[in-house]
**Q** 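First the structure, which I've put down as structure tokens, then a few questions once you've had a look.
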Amino acid sequence: MRNTMPKGKPNKFSMRVYAVVAGIPAGKVATYGQIAAYIGNPLAARAVGEAMRNTPAYLDIPCHRVVNKRGETAPGHAFGGSGKQRAMLEREGVLFKANGTIDMRECLWREKDG
DNA sequence: AATTTGACAGCGA
DNA sequence: GTCGCTGCCAAAT
């Protein structure tokens with residue numbers, strides 16, 4: 001087996017990301033930039049995405065509630081299919097538009113929500 | 001140690 | 001409204 005060991009490496013940065021993402025209520029979604037800004041790095045949206053990619057399952061992080069600013073779900077190779085993420089979000093109450101994007105105007109997570 | 005890539009965001013034309 | 005360039009952080013090669 002070529003290094004089948006889990007690569008979960010929750011660093012300080014990633015930990016902050018997980019903490020914020022974990023605070024996202026069901027039926028709401030947050031953007032990478034929003035999370036990045038929340039943890040103190042408004043320009044680290046990219047790093048947030050990387051953290052999500054390394055999100056260990058045992059942390060129970062709703063990474064599916066994290067989408068880009070366009071309201072689009074992950075490219076697809078993340079949750080086993082972009083449709084999967086969309087299904088989970090819809091199941092939690094997130095509204096999707098006809099074009100397949102999330103209605104950010106209503107479903108974007110706000111501090112007041114939590 | 002250095003370079004490249006990546007689940008992104010913001011600004012200008 | 002779209003298209004292109006720049007900036008940031010972390011992980012992989």
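Lettering of chains follows the sequences in order, A, B, ..., and the numbering in each one begins at 1.
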**Q** Donor-acceptor pairs under 3.5 Å, side chain of residues 84-91 of chain A to any protein atom, not counting sequence neighbours: which ones?
**A**
from, atom 1, to, atom 2, distance (Å)
A:Gln85, OE1, A:Ala74, N, 2.8
A:Gln85, NE2, A:His64, O, 2.9

**Q** Examine distances only and state if a side-chain atom of A:Arg16 and a backbone atom of A:Ile39 form a donor-acceptor pair shorter than 3.5 Å.
**A**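 Checked: no pair found.
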**Q** Can you list the residues that meet the side-chain hydrogen bond (donor to acceptor under 3.5 Å, both in side chains) rule with A:Asp60, with sequence neighbours excluded?
**A**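 Scan of A:Asp60 (side-chain hydrogen bond (donor to acceptor under 3.5 Å, both in side chains), adjacent residues dropped) gives none.
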**Q** Mark yes or no for whether A:Tyr18, through its side chain, and A:Met52, through its backbone, hold a donor-acceptor pair below 3.5 Å.
**A**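 Checked: no pair found.
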**Q** Write down the distance separating the P atoms in C:dC5 and B:dT5, rounded off to the nearest Å.
**A**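 One P to the other, the span is 16 Å.
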**Q** Report the distance from atom OH of A:Tyr18 to atom C1' of C:dA10, rounded to the nearest whole Å.
**A**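 Computing the A:Tyr18:OH to C:dA10:C1' distance gives 11 Å.
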**Q** Using 0.5 Å steps for rounding, measure from the OG1 atom of A:Thr31 to the CZ atom of A:Arg70.
**A**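 Between A:Thr31 OG1 and A:Arg70 CZ, I get 13.5 Å after rounding to 0.5 Å.
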**Q** Report the distance from atom CG of A:Asn54 to atom C1' of B:dT5, rounded to the nearest whole Å.
**A**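 Between C1' of B:dT5 and CG of A:Asn54: 14 Å.
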**Q** When you check every protein heavy atom under 4.0 Å of nucleotides 8-13 of chain B, what one-letter string (B, S, -) results, 5' to 3'?
**A** BSS---
**Q** Give a yes or no on whether a salt bridge exists between A:Lys28 and A:Glu92, defined as a side-chain N under 4.0 angstrom from a carboxylate O.
**A**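 Salt bridge between A:Lys28 and A:Glu92, a charged N being under 4.0 Å from a carboxylate O: no.
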**Q** How many whole angstroms separate atom CD of A:Glu50 from atom P of B:dT4?
**A**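 Answer to the nearest Å: 17 Å.
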